[in-house]
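Just so we're clear, the structure is a prediction, and the values are computed from it rather than from any experiment. Numbering of ligands and ligand atoms starts at 1, following listing order.
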Amino acid sequence: MINDNNPYVNWFRHSSPYINAHRGKTFVLMLGGEALADTNFGNIIHDITLLNSLGVKLVLVHGSRPQIEAKLEQQQISDKVHHHLRVTDSDTLQCVIEAAASLRTEIEAKLSMGLANSPMHGAQIRVCSGNFVTARPVGIYKGIDLCHTGEVRRVDSEAIRQQLSINNIVLLSHLGYSPTGEIFNLAVEDVATQVAISLNADKLIMFGEDGGVRDSNNELRSEILADTAERLVSQYMAKHDEPDQTPSELSRHLKAAVEASRNAVPRSHLISYREDGALVSELFSRNGIGTMVIEQSYEQIRPATIEDVGGILELIQPMEQAGVLVRRSRELLEAEISCFTVISLDGAIVGCAALYPFKEERAAELACVAIAPEYRGGDRGENLLQAIEESARRQQLNRLFVLTTRTAHWFIERGFIETEVSNLPNGKQALYNFQRNSKAFSKSI
Ligand code: ARG
């Protein structure tokens with residue numbers, strides 16, 4: 001018997017497909033200095049260890065902005081930012097090196113701790129750092145020499161890959177070296193993005209204070225397209241960011257996500273460093289917990305295939321039990337699968353609808369329209385209907401009809417008008433189930 005009521009079992013069933021999906025994949029995790037200083041950092045380390053043990057290839061890129069700022073203040077060195085870039089003179093560079101070095105040591109130490117008090121106790125995590133990032137100076141920008149402030153010139157992706165292939169975690173800082181042996185202070189976002197791009201990473205994951213993008217109602221945007229993110233960055237920067245300050249975290253992270261998306265990193269994620277378990281929730285649930293930036297929506301409307309039968313059954317069974325949909329057996333569904341259109345999201349079926357043509361009458365029945373409860377409230381039903389209408393038009397049909405007992409209003413709002421059963425195609429009238437006493441609606445398309 002399926003035990004759907006046990007939340008643990010339920011959770012495991014839903015997350016285990018992602019365990020499989022993420023194995024062997026390469027994720028670049030970016031942790032700014034703020035994340036390292038947060039009390040939740042210990043939990044993040046724990047989750048990183050877990051990912052490593054699940055066979056995910058991990059590159060950690062860390063920053064040290066607040067730690068540098070603290071050191072500058074301690075030594076009474078003034079902090080100069082010019083057009084969003086810190087000017088790294090030699091005194092500043094010394095602070096930068098000290099901050100980065102001490103953070104690296106701390107991260108290495110924490111990763112060496114293993115997972116105390118768990119069955120994974122004693123699991124050995126190997127971390128490796130090195131001269132993987134070659135940098136060049138930014139030079140003179142708008143009249144000001146930025147000194148040791150640099151940008152990424154090249155990433156030795158081959159060397160990083162070698163380390164990843166033997167299961168090592170690669171730890172990179174925001175420092176880079178030039179072929180002449182100079183040290184450059186880079187933006188952590190630049191390093192993380194360029195490393196993700198050059199490794200063809202599967203994900204760039206950025207830990208921030210807010211844990212994602214919020215709309216004007218302060219609702220979290222779970223998924224945004226790179227185009228939208230790009231627009232948001234320029235709007236946001238124009239409104240909030242002064243040229244003599246480092247841009248806000250959100251601008252920096254969104255910019256990095258856009259750049260990664262444009263260069264074939266399929267998914268960039270903005271999650272919170274303050275929330276315990278954010279990394280695991282983002283990675284092992286379908287909807288995540290933060291904001292995912294992608295080039296194209298990962299939700300797809302497409303014709304169903306025979307592999308979708310299981311997913312469709314799972315989706316429609318609760319609605320059949322509630323009497324909203326007519327019962328369909330697996331066999332019937334298999335036979336009629338070519339009539340179905342589905343909305344799939346990372347392989348799961350979250351919506352479906354069927355179109356049964358009556359060629360002679362140039363009409364078709366729209367049936368079995370279902371959207372999973374947790375995915376209602378958006379435009380999914382609407383989009384599905386549009387896709388079905390298009391497909392009907394392609395088949396030279398000019399009228400859709402639907403029989404429904406409980407959801408008439410939804411169809412009426414979308415242009416369907418009530419009609420007599422006697423107006424339905426003959427073939428359908430013959431099958432009309434008087435017991436259900438459904439109402440008929442039709443729409444010209
Ligand atoms: N867990 C999946 C992944 O790691 C999907 C995450 C979706 N996240 C979101 N914020 N919409 O790719």
Notebook entry, point to check: Judging by distance only, is a nitrogen or oxygen of Glu282 under 3.5 angstrom from one on ligand 1?
Noted result: yes

Check: What pairs meet the side chain to side chain donor-acceptor pair (under 3.5 Å) rule with one or both residues in residues 188-199, with sequence neighbours excluded?
Finding: Arg65-Glu189, Glu189-Arg252, Gln194-Glu259

Next item on the list: Mind telling me whether His148 and Phe184 have parallel, tilted or perpendicular rings, with 30° and 60° as the class edges?
Entry: tilted

Checklist line | Main-chain N/O of Thr407 paired with Thr404 side-chain donor or acceptor, under 3.5 Å | finding: yes

Item checked: Of the listed options Gly288, Ser15, Ser222, closest to atom 10 (N) of ligand 1 (non-hydrogen atoms) -> Ser222

Next item on the list: Provide, to 0.1 Å, the distance between atom 9 (C) of ligand 1 and the closest protein heavy atom, together with that atom's residue and name.
Entry: Asn287 O, 3.1 Å

Notebook entry, point to check: Of the backbone atoms (N, CA, C, O) and the side-chain heavy atoms from C-beta on, which set of Arg286 has a member under 4.0 Å from an atom of ligand 1: side chain, backbone, both, or neither?
Noted result: backbone

Notebook entry, point to check: Of all the atoms in ligand 1, which lie at a distance below 4.0 Å from a heavy atom belonging to Ser285?
Noted result: 1 (N), 2 (C), 5 (C), 6 (C)

Item checked: Contact summary for Leu204 and Ala196, nearest pair of heavy atoms -> CB-CB, 4.3 Å

Notebook entry, point to check: What protein heavy atom sits nearest atom 3 (C) of ligand 1, and how far away is it?
Noted result: Lys203 NZ, 3.3 Å

Next item on the list: Could you say whether the N/O atoms of Gly290 and ligand 1 ever approach to under 3.5 Å?
Entry: yes

Item checked: Atom CD of Gln235: over 12 foreign heavy atoms under 6.0 Å -> yes

Checklist line | More than 12 heavy atoms from other groups under 6.0 Å of CD1 on Ile417 | finding: no

Item checked: Nearest candidate to atom 12 (O) of ligand 1, where distance is taken over non-hydrogen atoms, out of Lys25, Arg267, Glu299 -> Arg267

Margin query: With heavy-atom distances below 4.0 Å as the criterion, list the atoms of ligand 1 near His22.
Written below: 4 (O)

Margin query: Taking 4.0 angstrom as the limit and counting only heavy atoms of Leu283, give me the atoms of ligand 1 inside it, by number and element.
Written below: 1 (N), 2 (C), 4 (O)

Check: With sequence neighbours excluded, what pairs up with Glu69 under the salt bridge (Lys or Arg N to Asp or Glu O under 4.0 Å) test?
Finding: Arg86

